[in-house]
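For reference, the structure is listed below as structure tokens.
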Amino acid sequence: KNTVDVFPPNLLLAFRFTIGGLLLALVFWKKLRLLNREYLWKGGLTGILLFAAYSMQTIGITDTTPGKNAFLTAVYCVIVPFLNWLVSRERPDGYNWAAALLCITGIGLVSLTEGFTMRFGDIFTLIGGFFYAAHMIAVARFGRKKDPFLLTIVQFGSAAVCSWIAGLCFETIPSSLSTDSLLGLLFLAVFASAGALLLQNVGQKGTSATSASIILSLESVFGVLFSVLIYGEALTARLVLGFALIFAAVITSETKLSFLRRSKPAHE
């Protein structure tokens, strides 16, 4: 949020993905010999989805708070089963539909104004959530039997190219940069981009897209926590209720409330 006050959204992403991709390529340079056409098209397509998700979320945060941005992005967990329906023909169950209703209600409480309109920042954030869901399904399908380090490098390269094209066509590079903004950019590139996405791709090799999405949904909780502690975001009763409904939707969709059902004894 602080860094985007200095860098335009897509140029910020261009630097993030370029620095993150180069860093990963330098660390895992031996993996580059495995690069082939399949890695290029699968990683390239996944990178385009990654760019779309990050771009919408980053544009969105220019007109909303970090906490709202984090929670509205988390709706990708509810969207995943429905997108997966289109891809694999696995129909969403009753829990997924109930979660969708909870999620829509929560979004209304968080985003709708008294005139029943939404700020453009919240709208862009929700669109970003859709693309995050698409990216997660793409990683699950394309990442099988693929080296996650190399796939991440290609993703970053593809996302960087898209970001530079969008940034240079529609935005202006800042004329002066402060030390704080440069440090913020480096933090985003090294930890929030290279580190986080690499760990996600490695982790998703050992779990399903559904399980991964519920773990990653904790971003919404941490987003609000750090927004309150660092950014000074004020929480109203309406926001808290909306956040709670969205998080309940995520839990309902991904766990099917299995933690509420007692397991049968082994002898039964």
Side-chain angles (χ1 to χ4, degrees), residues 1-26 40 43-76 111 117-136 138-139 152-198 200 219 223 226-227 230-233:
K1 175 67 173 177
N2 292 333
T3 307
V4 85
D5 290 337
V6 179
F7 285 92
N10 288 301
L11 285 175
L12 171 62
L13 292 178
F15 283 109
R16 281 181 69 171
F17 287 128
T18 300
I19 295 171
L22 289 175
L23 178 63
L24 290 176
L26 287 173
L40 288 175
L45 178 58
T46 309
I48 292 172
L49 293 174
L50 182 66
F51 157 73
Y54 267 76
S55 181
M56 293 297 102
Q57 184 187 27
T58 307
I59 292 172
I61 204 172
T62 64
D63 188 53
T64 192
T65 64
K68 288 174 67 176
N69 187 264
F71 254 97
L72 292 175
T73 301
V75 302
Y76 67 79
S111 301
T117 59
M118 292 179 68
R119 297 177 65 96
F120 89 85
D122 294 336
I123 294 173
F124 272 84
T125 302
L126 287 171
I127 296 173
F130 172 84
F131 281 111
Y132 273 117
H135 173 261
M136 186 161 291
V139 170
T152 304
I153 293 171
V154 177
Q155 279 187 68
F156 272 51
S158 174
V161 170
C162 293
S163 300
W164 280 115
I165 292 173
L168 294 176
C169 287
F170 302 107
E171 298 170 349
T172 303
I173 297 176
S175 57
S176 61
L177 299 173
S178 66
T179 302
D180 286 345
S181 61
L182 288 174
L183 289 175
L185 174 61
L186 287 174
F187 176 85
L188 290 171
V190 176
F191 296 101
S193 297
L197 265 296
L198 177 63
Q200 177 188 338
E219 174 191 2
F226 289 117
S227 182
I230 299 174
Y231 186 71
E233 179 175 355

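Being a predicted model, the structure only gives us computed values, none of them experimental.
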Handout entry: Worked check of side-chain contact (heavy atoms from CB on, under 4.5 Å) between Lys1 and Glu233
Key = CA-CA 12 Å; Lys1 175 67 173 177; Glu233 179 175 355; over 6 Å; no
Could you grab the distance from atom [atom1] of [X] to atom [atom2] of [Y], nearest 0.5 Å is fine?
| X | Y | atom1 | atom2 | result |
| --- | --- | --- | --- | --- |
| Ser55 | Leu12 | OG | CG | 10.5 Å |
| Thr62 | Asp5 | OG1 | CG | 9.0 Å |
| Cys162 | Ile48 | SG | CD1 | 5.0 Å |
| Asn10 | Leu168 | CG | CG | 10.0 Å |
| Met56 | Phe131 | CE | CZ | 7.0 Å |
| Ile61 | Phe124 | CD1 | CZ | 14.5 Å |

Can you find a heavy atom in the side chain of [X] that is under 4.5 Å from one in the side chain of [Y]?
| X | Y | result |
| --- | --- | --- |
| Phe7 | Leu177 | yes |
| Pro9 | Val4 | yes |
| Gln155 | Leu24 | no |
| Trp164 | Thr18 | yes |

Handout entry: Of all pairs that satisfy salt bridge (charged side-chain N to carboxylate O under 4.0 Å, His left out), the ones with a partner from residues 153-165, not counting sequence neighbours
Key =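 As it turns out, there is no salt bridge (charged side-chain N to carboxylate O under 4.0 Å, His left out) pair with a partner in residues 153-165 once direct neighbours are skipped.
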Exercise for the section: Would you mind listing every salt bridge (charged side-chain N to carboxylate O under 4.0 Å, His left out) that reaches into residues 175-195, with sequence neighbours excluded? Expected result: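 Output for this query is empty, none listed.
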Exercise for the section: Check the pair Asn69, Thr125 against side-chain hydrogen bond (donor to acceptor under 3.5 Å, both in side chains), reporting the backbone distance first and the verdict last. Expected result: CA-CA 6 Å; Asn69 187 264; Thr125 302; 3.0 Å; yes
Practice task
Run the numbers on Tyr231 and Asn2 for side-chain contact (heavy atoms from CB on, under 4.5 Å), then give the verdict.
Solution key: CA-CA 9 Å; Tyr231 186 71; Asn2 292 333; 4.2 Å; yes
Problem - Leu22 and Phe156: CA distance, side-chain angles, deciding distance, side-chain contact (heavy atoms from CB on, under 4.5 Å) verdict - result: CA-CA 9 Å; Leu22 289 175; Phe156 272 51; over 6 Å; no
Exercise for the section: Just jot down the side chain to side chain contact (heavy atoms under 4.5 Å, CB included) partners of Val161, sequence neighbours excluded, or say none. Expected result: Ile165
Practice task
Could you tell me which residues satisfy side chain to side chain contact (heavy atoms under 4.5 Å, CB included) with Ser111, sequence neighbours excluded, listed by chain and number?
Solution key: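 So Ser111 forms a side chain to side chain contact (heavy atoms under 4.5 Å, CB included) with Leu72, Ile107, Met118, Asp122.
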Minimum heavy-atom separation for [X] to [Y], with atom names?
| X | Y | answer |
| --- | --- | --- |
| Val154 | Gly44 | CG1-N, 3.8 Å |
| Ala159 | Gly47 | CB-O, 3.6 Å |
| Ser163 | Leu13 | OG-CB, 3.6 Å |
| Ala138 | Thr46 | CB-OG1, 4.0 Å |

Practice task
Please list, chain by chain and in numerical order, all residues satisfying side chain to side chain donor-acceptor pair (under 3.5 Å) with Ser158, sequence neighbours excluded.
Solution key: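 With neighbours one apart ignored, the set is empty.
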Exercise for the section: Determine whether more than 12 heavy atoms belonging to other residues, nucleotides or ligands lie under 6.0 Å from atom CZ of Phe191. Expected result: no
Problem - Set of salt bridge (charged side-chain N to carboxylate O under 4.0 Å, His left out) partners for Asp63, sequence neighbours left out - result: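 For Asp63 the salt bridge (charged side-chain N to carboxylate O under 4.0 Å, His left out) partners, ignoring immediate neighbours, are Arg119.
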Handout entry: Pair Phe17 + Phe51: ring centers closer than 6.0 Å
Key =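 No, the ring of Phe17 stays outside the 6.0 Å limit from the ring of Phe51, centre to centre.
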Exercise for the section: Check step by step if side-chain contact (heavy atoms from CB on, under 4.5 Å) holds for Tyr54 and Arg16. Expected result: CA-CA 11 Å; Tyr54 267 76; Arg16 281 181 69 171; 3.3 Å; yes
